[in-house]
Amino acid sequence: MEAANSRTRAVRIASYIAAGLGLFLVLYLRLLPALLAGLLVYEVVVSTAPLMGRRLSGDRARVLAVALVGVVVVGLLTLLVLGGISFFRNEIGNPEDLWQNRLMPLVERARQQLPPAVVDRLPESVDALRITAMDWARSHAVTLQLAGKEAARVVVHIIIGLVLGAIVALSRARPTHQVGPFAAELSLRSARLADAFHNIVFAQIKISLFNTLFTGIYLLAVLPMFGVHLPLTKTLIVITFVVGLLPVIGNLLSNTAITVVGLSVSLYVGLGALAFLIVIHKFEYFLNARIVGGQIRARAWELLVAMLLFEAAFGLPGLVAAPIFYAYLKAELEAERLI
């Protein structure tokens with residue numbers, strides 16, 4: 001009996017080491033987009049497949065249901081990405097119109113609001129603005145080329161992750177069969193990681209929806225009441241939702257964009273937008289602590305410390321992965337009754 005217990009502990013420890021090494025390699029090899037995409041499809045498929053499986057009989061019918069849901073999910077996510085690209089293209093419109101009627105008026109209004117030291121660095125005309133942009137692009141050609149390759153790599157990883165997530169969800173729906181103890185332990189580690197992803201990401205979606213709702217009310221209702229209409233309002237709302245899916249840093253990015261656009265209209269509008277967003281941000285601080293912390297039974301400072309350490313070690317991907325990985329770690333520690 002003691003030998004069997006010792007073997008079981010050794011297998012469990014080996015599975016912990018394998019899981020930890022795998023998560024480290026995900027960040028080190030920059031595979032986080034693939035992991036997140038795969039987990040997203042997996043969770044959606046596993047959550048919705050039972051609704052279809054209840055109306056079908058037999059294991060093959062359930063496998064067919066999961067396969068169908070997987071195809072639909074992957075297709076919808078792909079259409080969502082393509083729709084987002086099309087939206088931004090339509091919102092920006094004609095490039096010449098963007099230069100002449102959108103960007104340049106923002107620069108002109110900024111010249112009236114900013115200090116002289118900053119105004120001297122701003123372009124004086126559309127041609128000067130275009131030349132400045134071209135000079136910057138020329139001087140950073142290598143960086144832009146690398147950024148383009150990196151973006152293409154991320155897109156490929158996301159597509160592969162979507163397909164793998166659907167395949168893994170499909171394989172789980174097949175009839176169960178005997179597996180070795182190490183494979184069983186790894187399956188348990190993976191299930192807890194998926195649960196941590198579910199708790200964090202779907203909580204973050206709720207937070208982003210709240211943030212987008214309040215921002216939309218401010219941009220579409222509050223400001224127009226005072227006769228103020230910010231340019232690119234729809235784009236700012238979409239950006240608010242998208243970047244709001246990133247913990248902490250998402251609010252900073254959206255707040256910065258809205259404040260800059262507000263400053264281009266008026267100094268008072270920019271300061272008003274900043275004050276409003278600070279109030280919303282403070283409110284969302286407690287909202288984050290309640291929603292995310294409640295999902296994983298963690299305090300806000302725990303998540304902030306985890307995000308600080310992961311950001312220092314792995315940069316922005318570490319910041320995004322920190323809440324998920326921390327929730328997974330805490331789930332494992334609670335399962336072992338260590339905390």
Side-chain angles (χ1 to χ4, degrees), residues 1-29 31-51 53 59 62-63 65-67 69-70 73 160-204 292-298 302-303 306 309-310 314 317-318 320-339:
M1 180 66 68
E2 183 177 352
N5 291 335
S6 178
R7 182 173 180 270
T8 300
R9 285 195 298 270
V11 171
R12 183 175 301 150
I13 292 174
S15 70
Y16 286 139
I17 295 174
L21 180 60
L23 294 179
F24 170 78
L25 289 176
V26 164
L27 292 175
Y28 182 75
L29 298 177
L31 295 175
L32 183 63
L35 175 64
L36 296 182
L39 287 173
L40 177 61
V41 171
Y42 174 84
E43 282 298 318
V44 173
V45 168
V46 170
S47 299
T48 57
L51 300 177
D59 292 328
R62 292 180 181 272
V63 170
V66 176
V69 171
V73 168
I160 294 175
L162 295 176
V163 175
L164 287 177
I167 292 175
V168 173
L170 177 61
S171 65
R172 184 177 178 179
R174 293 172 181 170
T176 58
H177 57 278
Q178 294 294 329
V179 296
F182 184 68
E185 288 292 337
L186 282 181
S187 178
L188 181 58
R189 305 283 86 76
S190 300
R192 286 176 180 165
L193 176 63
D195 289 339
F197 173 84
H198 179 276
N199 292 334
I200 292 295
V201 170
F202 284 90
Q204 194 64 38
V292 179
Q295 289 286 346
I296 63 174
R297 296 176 295 279
E302 296 179 47
L303 291 175
L309 294 177
F310 272 70
F314 301 103
V320 175
I324 301 172
F325 287 13
Y326 180 75
Y328 165 69
L329 174 62
K330 194 157 189 176
E332 292 286 11
L333 294 175
E334 288 179 348
E336 294 294 333
R337 298 181 179 179
L338 296 177
I339 58 174

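For F314, the side chain to side chain contact (heavy atoms under 4.5 Å, CB included) test picks out F24, L27, F310, with sequence neighbours left out. Annotation: side-chain hydrogen bond (donor to acceptor under 3.5 Å, both in side chains) contacts of S190 (sequence neighbours excluded): none. Scored by the side chain to side chain contact (heavy atoms under 4.5 Å, CB included) test, A37 finds I158, L162 as partners (sequence neighbours excluded). Take Y28 and apply the side-chain hydrogen bond (donor to acceptor under 3.5 Å, both in side chains) test, not counting sequence neighbours, and it matches no residue. Remark: A18 engages F182, L186 in a side chain to side chain contact (heavy atoms under 4.5 Å, CB included) (not counting sequence neighbours). Listed by chain and number, the residues in a side-chain hydrogen bond (donor to acceptor under 3.5 Å, both in side chains) with R192 are E332 (sequence neighbours excluded). Take L309 and apply the side chain to side chain contact (heavy atoms under 4.5 Å, CB included) test, not counting sequence neighbours, and it matches V305.
Across all non-hydrogen atoms, the minimal contact from A322 to A306 is CB-O, 3.7 Å. Listed here is the closest heavy atom pair of I324 and A196: O-CB, 3.7 Å. Across all non-hydrogen atoms, the minimal contact from G165 to V41 is C-CG1, 4.0 Å.
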Exercise for the section: Evaluate the side chain to side chain contact (heavy atoms under 4.5 Å, CB included) criterion for residues L193 and L23: first the C-alpha distance (whole Å), next the side-chain angles of each, then the deciding distance (0.1 Å), finally the verdict. Expected result: CA-CA 10 Å; L193 176 63; L23 294 179; 3.9 Å; yes

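Inter-residue side-chain proximity for F197 and L36 is flagged as met; some heavy-atom pair is nearer than 4.5 Å.
A salt bridge links R189 and E185; the closest N-O separation between the charged side-chain nitrogens and carboxylate oxygens is under 4.0 Å.
Atoms CG and CG, on L29 and L35 in that order, are 12.0 Å from each other to the nearest 0.5 Å. Atom-to-atom distance recorded for Y16:OH and L188:CG is 7.0 Å, nearest 0.5 angstrom.
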